[in-house]
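Every heavy atom of this structure was used, including side-chain atoms; hydrogens, water molecules and symmetry mates were not. Protein chains get the first letters and strands the later ones, always in sequence-line order, with residue 1 at the start of each.
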There are 2 protein chains.
Amino acid sequence: MSESARNVVGSGDPKAGSLSGEDRIVALMELLFFAYRDFISDPDAMLEEIGFGRAHHRIIHFIGRHPGLRVSELLGILRITKQSLGRVLRELIDRGYVYQKAGERDRRQRLLFLTEKGRSLHRRLAAPQIARVAQALEAAGPDADDTFARALLNMTDAAERERIRRLTGWEDGGGNG
Amino acid sequence: MSESARNVVGSGDPKAGSLSGEDRIVALMELLFFAYRDFISDPDAMLEEIGFGRAHHRIIHFIGRHPGLRVSELLGILRITKQSLGRVLRELIDRGYVYQKAGERDRRQRLLFLTEKGRSLHRRLAAPQIARVAQALEAAGPDADDTFARALLNMTDAAERERIRRLTGWEDGGGNG
DNA sequence: GGATTTATGTCAGTCATATTGACATATTTT
DNA sequence: AAAATATGTCAATATGACTGACATAAATCC
């Protein structure tokens, strides 16, 4: 059962290609690595020009997608400490991409929003990624997006799935199997 | 066309859920982020205990999957500099997880292999990830693995796809659209 | 066979992003 | 009033990346 002794064979499996069983899964894991690597390469290049990094991108993205996000929610999403978030968020605020507003019901909260400058950057960063994913799903066949989303969601920690489903707004299109 | 003005509507799209168009793609991008985040969380925890990081994992993985890998190939796969690889690879060699052997045809090459200790770690790190992906694909429906693989492969830079296809051993199962 | 290129390694310095721990402040809840 | 909560900040440290420079051995070119 080690991942070296079942290559190329297929052992009667009617599935695609020459891989079967665990090797098939391992190949998918590598594809996930490469896909993610290239997925972040476009914004990475843009960010470098303005002296930002991936951390800035993630923050810009989630604030842009979820205006009024609380700091504690953002910490939970990114799974980093407040000290790590602090420095990057400070830069984004100081350079005019993000602003904060005290919560109305709870004035301890600092709700996060993008400025117009922030929204503009958000759009520029997202554009190549949206194009990349859209093209990939079209090329993957009809309803690939549903299958892709289900696979990704089921790959997250079970305890988090409901929260992620709500956050992303994803609803299953039925048609499972 | 900005990603704020088309939520929840659906606009007659027969597709699943309440999202349509660009918002749908953006939701998928977030799912990709969360899936990847959780996908690496299991090995991350194990690595921490022995004083290794993600960089060590990636190296262990690719050497384990492709024994005899050349240093230059590994650099290309990971897209890092030789200086970055150097320190981490040195640790793996010094602590007995990896060994090198000069190439027979070209004795400048240092072919990379896992020791038994390295293979053992490789297996332990991979196990939870294999389980996670296998479960996710089963839950995503029949043939989800083909669709998933096609989507991921098409998400990589086009110039690299053939190389990645060969490296992972993935072959398309036909049945596209 | 000497010059050049290639594959790899290494030293030194820097940067981005993460960590832990401690402490501060404002506000809400008990 | 006391305690808990949401957030911010200071300081020290670790990891993993970078650039640039230089070194060595082996292969290849002319």
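Only one option out of A/L92, A/I63, A/L121 pairs with A/L114 in a side chain to side chain contact (heavy atoms under 4.5 Å, CB included); it is A/I63.
Hydrophobic cluster membership differs between B/L78 and B/F113, with clusters built from Ile, Leu, Val, Met, Phe, Trp and Tyr side chains linked at under 4.5 angstrom.
Side chains of B/H66 and A/E30: a donor-acceptor N/O pair is present below 3.5 angstrom, by distance only. A/S120 and A/R124 form a side-chain donor-acceptor contact under 3.5 Å, judged by distance and modelled atom types alone.
At least one side-chain nitrogen or oxygen of B/Q100 sits closer than 4.0 Å to the OP1 or OP2 atom of C/dG9. Put simply, A/H56 has a side-chain N or O that comes within less than 4.0 Å of OP1 or OP2 on C/dT17. Distances shorter than 4.0 Å separate none of the side-chain N or O atoms of A/R54 from OP1 or OP2 on C/dC15. Under 4.0 angstrom from either OP1 or OP2 of D/dT7 there lies at least one side-chain N or O belonging to A/S72.
Taking atom CZ on B/R79 and atom C1' on D/dT19, their separation rounds to 19 Å, with Å as the unit. Rounded to an integer number of Å, the gap from NE2 of B/H57 to P of D/dA17 is 14 Å. For the pair B/I93 CD1 and C/dT10 C1', the interatomic distance rounds to 13 Å; values are reported in whole Å. With rounding to whole Å, B/Y99 atom OH is found 19 Å from C/dT8 atom C1'. Summarising the geometry, the separation between CG on B/L75 and C1' on C/dG9 is reported as 11 Å, rounded to the nearest angstrom. For the pair A/R110 CZ and C/dA26 P, the computed distance is 10 Å after rounding to whole Å. In this entry the distance linking CD of A/Q109 with P of D/dA6 reads 7 Å, nearest Å. In this structure, A/E91 atom CD and C/dA18 atom P are separated by 11 Å, rounded to whole Å.
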(request) Give the C-alpha distance, both sets of side-chain angles, the deciding distance and a yes or no for side-chain contact (heavy atoms from CB on, under 4.5 Å) between B/L112 and B/F62. (result) CA-CA 10 Å; B/L112 300 167; B/F62 283 106; over 6 Å; no
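Side-chain atoms of B/E73 come within 3.5 Å of backbone atoms of B/R70 as a donor-acceptor pair (strictly under, hydrogens ignored). A side-chain donor-acceptor contact under 3.5 Å links B/R161 to the backbone of B/N154.
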Dump the pairs, protein N or O against N or O of nucleotides 27-30 of chain D, anything under 3.5 Å, distances to one decimal.
{"from": "D/dA27", "atom 1": "OP1", "to": "B/R107", "atom 2": "N", "distance (Å)": "3.1"}

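Out of D/dT7, C/dT17, C/dT10, the shortest distance to the side chain of B/R90 is found at C/dT10.
At least one side-chain heavy atom of B/I93 sits less than 4.5 Å from a side-chain heavy atom of B/R90.
Annotation: B/Y36 is not in aromatic contact with A/F33 [ring centroid separation under 6.0 Å not met].
Contacts between residues 80-89 of chain B and DNA chain D, counted as heavy-atom distances below 4.0 Å, involve B/I80, B/T81, B/Q83, B/S84, B/R87.
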